[in-house]
There are 2 protein chains.
Amino acid sequence: MALGKDYLGQDCSLSRALELLGERWTLLVVQNALYGVRRFSDFQVRLDIPRAVLSDRLSRLTGAGVLEKRLYQPSPPRHEYLLTDSGVELWPVIFSLGMWGRRHIGGESARLFRHADCGAKLLPSTDCSECGPIAPGDVEMYPGPGPKRDDPVSRAMNRPRRLLEPVVPEPS
Amino acid sequence: MALGKDYLGQDCSLSRALELLGERWTLLVVQNALYGVRRFSDFQVRLDIPRAVLSDRLSRLTGAGVLEKRLYQPSPPRHEYLLTDSGVELWPVIFSLGMWGRRHIGGESARLFRHADCGAKLLPSTDCSECGPIAPGDVEMYPGPGPKRDDPVSRAMNRPRRLLEPVVPEPS
DNA sequence: CTCCTAGGTTCGTTCAATGAACTCAAAAGA
DNA sequence: TCTTTTGAGTTCATTGAACGAACCTAGGAG
């Protein structure tokens, strides 16, 4: 399948996540699920999405364990799609992308978010497990155990380095 | 443009962000830019992406102010693509999606991340500006000033409510 | 007996992704 | 001087996914 949804040859978990979530409509389906939408026809009404595409996305997400399809009424048989724990963990993705759109593309938001306990506003962030929130410039990348691409650019990237530090490939 | 990259009729900033970032390859281009890749041919080598698509993605990202195209050498004229501040702010998106892929899709990571100052590991999170990191279940959504869709499901969603709370549309 | 609803599937049309080939300008090599 | 290489693209025919309108099915409801 040369054309389409796979990113064969990519060596990062982002590309693997995008093979599932990077298709058109998929993240909006997950977003609506986080917002409480559960039924086929409710997704369809909210999203104005072709039924065939919605059907495909729901079954792919179900197959990947992001959603769970459950019978909520035996007769007539009716189903709902619930987020699994793995699906709920997509919240930081949905939230950070939405916040970025609000800050950098503009338009007014139809929905805002706050901490239910105290009412204060929310921010997407990357936290150090010891020090709390940190900036991208304080992130260091280093090689993990996984397979790596073997080209000059990737080799130059496989030394421990700060985020944003320019890659300087050695001429082969 | 009925087919393609627009999500016309969607009312959230996520859909606006996805019109730019949701196309195939776009987030992987941003990822590589965060990792330090700057030149057309270096992106091409890393990504195995058709040149025409890479050209399109780079100019769309440049047009949207995520990247900046800069001459770094006058003769022969050579350009590089640098992330703007707005582009750097996509780091939480890239990181949270990558972490999700690592946790839930699996495979070994080619690259890992740590806090440069202390070496501890990083976590994607949603922080309350007052209380620190919070769980999705503690997020409350409430209507903002932006335009809203007018269908039974969207109307039911426009009351203040917790994330994940089931939407129960009133029969029209 | 007919209509309606939830939850899909089928199918012809359209448009974006693909990859191979081509372009162009400057520099380096022979 | 002629040829090749390199960076950075553009052009073009092919393919497969998204679109949307129509169709299907099973179980109530009127």
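Just so it is clear: chains get the letters A, B, ... in the order the sequence lines come, proteins before strands, and each one is counted from 1.
With rounding to whole Å, A:L8 atom CG is found 16 Å from C:dG19 atom C1'. One can place CG of A:L58 at 7 Å from P of C:dG8, the figure rounded to the nearest angstrom. One atom, CG of B:L54, and another, P of D:dT11, lie 16 Å apart when rounded to the nearest Å. A straight line from NZ of B:K69 to C1' of D:dA8 spans 8 Å, rounded to a whole angstrom. Straight-line distance from the CD atom of A:Q44 to the P atom of D:dC19: 12 Å, rounded to whole Å. Summarising the geometry, the separation between CG on B:L47 and C1' on C:dA17 is reported as 15 Å, rounded to the nearest angstrom. Atom-to-atom, OH of A:Y72 to C1' of C:dG7 comes out at 10 Å; the value is rounded to the nearest Å. Computed from coordinates, the A:D56 CG to C:dG8 C1' distance equals 13 Å when rounded to whole Å.
Classification of the A:F113-A:W91 ring pair by plane angle, with boundaries at 30° and 60°, yields perpendicular.
When the nucleotides D:dG9, D:dA8, C:dG7 are ranked by their closest atom to the side chain of B:R78, D:dA8 comes out on top. Of the candidates D:dC19, D:dG7, D:dG28, D:dC19 carries the atom nearest the A:W25 side chain, counting heavy atoms from C-beta on. For B:S55, the listed nucleotide lying nearest its side chain is D:dG9; candidates were D:dG9, C:dA27, D:dG7. In this structure, of C:dG7, D:dA8, C:dA26, it is C:dA26 that holds the atom nearest to the side chain of B:S75. Of the candidates C:dA26, C:dT10, C:dG7, the closest approach to any side-chain atom of A:A52 belongs to C:dT10.
Tested against B:S125, the residues A:S125, A:P124, A:P133 include a single side-chain contact (heavy atoms from CB on, under 4.5 Å) partner, A:S125.
Using a 4.0 Å heavy-atom distance criterion, B:Y81 is classed as a sugar-phosphate-only contact. Nucleic acid contact for A:V53: sugar-phosphate only, since backbone atoms but no base atoms lie under 4.0 Å from a heavy atom of the residue.
Taking 4.0 Å as the cut-off between side-chain N and carboxylate O, A:E140 and A:R162 do not count as a salt-bridged pair. By the 4.0 Å N-to-carboxylate-O rule, B:R155 lies close enough to B:D150 to be salt-bridged with it.
Side-chain contact between A:M99 and B:S13: absent, with no pair of heavy atoms (C-beta onward) separated by less than 4.5 Å.
DNA chain D is contacted by both A:E23 and A:R51; A:E23 maps to the nucleotide lying nearer its 5′ end (nearest heavy atom per residue).
With hydrogens and angles ignored, no donor-acceptor pair under 3.5 angstrom links the side chain of B:R39 to the base of D:dG7.
Residue A:R24 places no side-chain N or O under 4.0 Å from the OP1 or OP2 atom of C:dA16.
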